[in-house]
Amino acid sequence: METSKQTQPIDWTRLILVGRGLLIGLCTGAVVSAFRWSIGKMLAATIWVYQQVQTGHGWWWLVIIGGSVLLPLGAGILVKQQPQISGSGIPQVEAQLDDALQLHWWSILWRKFIGGVLSIGPGRFLGREGPSNQLGAAVGQGFAETTGQ
């Protein structure tokens with residue numbers, strides 16, 4: 001005796017949401033990976049400059065002093081342009097999720113990226129995780145606004 005199997009239609013809504021989630025995750029992973037790679041390169045360059053001073057090339061002190069002034073100045077200009085990139089970024093993301101704060105994603109993304117590299121890269125004791133969260137939130141917001149979702 002043959003029993004008929006009733007097939008359920010595919011729920012495309014869930015599949016589309018999973019696909020969007022994967023795409024946002026890949027984009028976020030690429031941005032955060034580039035952020036952390038850039039910090040590592042900046043730290044390696046900083047160590048190299050200090051090694052040059054130790055080998056007797058005293059004029060490298062000018063590079064160290066110049067970098068100690070110009071890098072924080074550059075980060076400060078970015079923070080002045082967009083105050084919401086200061087700190088870890090986690091309180092800003094929470095405020096956005098609570099609809100208590102409206103931010104333009106692109107302005108946050110590039111300024112947080114560059115400001116973070118300028119601040120963390122030379123070896124200052126600052127975390128990478130909070131800025132990575134804010135970068136990821138900006139990527140997600142950008143995806144949502146760009147695709148109208």
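Every value quoted in this text rests on a predicted model; they were computed, and no experiment measured them.
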Any pair counted as ring pair (Phe, Tyr, Trp, His ring centres under 6.0 Å), so long as it reaches [range], sequence neighbours left out:
| range | answer |
| --- | --- |
| residues 127-149 | none |
| residues 64-100 | none |
| residues 10-41 | F35-F113 |

Run the side chain to side chain contact (heavy atoms under 4.5 Å, CB included) test against [X] and tell me which residues pass, sequence neighbours left out.
| X | answer |
| --- | --- |
| S88 | I90, P91 |
| T55 | Q52, H57 |
| Q84 | Q82, Q92, L101, L103, I108 |
| I114 | L78, W110, L118 |

Test of understanding: clusters of I, L, V, M, F, W, Y form through side-chain heavy atoms closer than 4.5 Å, transitively. Do [X] and [Y] belong to the same one?
| X | Y | value |
| --- | --- | --- |
| L71 | L73 | no |
| W105 | V139 | yes |
| V79 | L109 | yes |

Does W48 have any ring-ring contact (aromatic ring centres under 6.0 Å, His included) partners at least two apart in sequence or in another chain, and if so, which? W60
State, to 0.1 Å, how close [X] and [Y] come at their nearest heavy-atom pair, and which atoms those are.
| X | Y | value |
| --- | --- | --- |
| G121 | T46 | O-OG1, 4.2 Å |
| P72 | R124 | CG-NH2, 3.2 Å |
| D99 | Q102 | OD1-NE2, 4.1 Å |
| S119 | A75 | OG-CB, 3.6 Å |

Contacts table for residues 17-34: side-chain donor-acceptor under 3.5 angstrom, sequence neighbours left out:
| unit_1 | atom_1 | unit_2 | atom_2 | d |
| --- | --- | --- | --- | --- |
| R20 | NH1 | Q149 | OE1 | 3.0 |
| R20 | NH2 | Q149 | OE1 | 3.4 |
| T28 | OG1 | I24 | O | 2.9 |
| S33 | OG | G29 | O | 2.7 |

Spatial distance of atom OG1 (T146) from atom CD (Q141) [nearest 0.5 Å]: 9.5 Å
Can you list every pair that meets side chain to side chain donor-acceptor pair (under 3.5 Å) and has a residue in residues 126-138, with sequence neighbours left out? K112-Q134
Using a side-chain heavy atom cutoff under 4.5 Å and only I, L, V, M, F, W and Y, what cluster partners does L97 have? V93
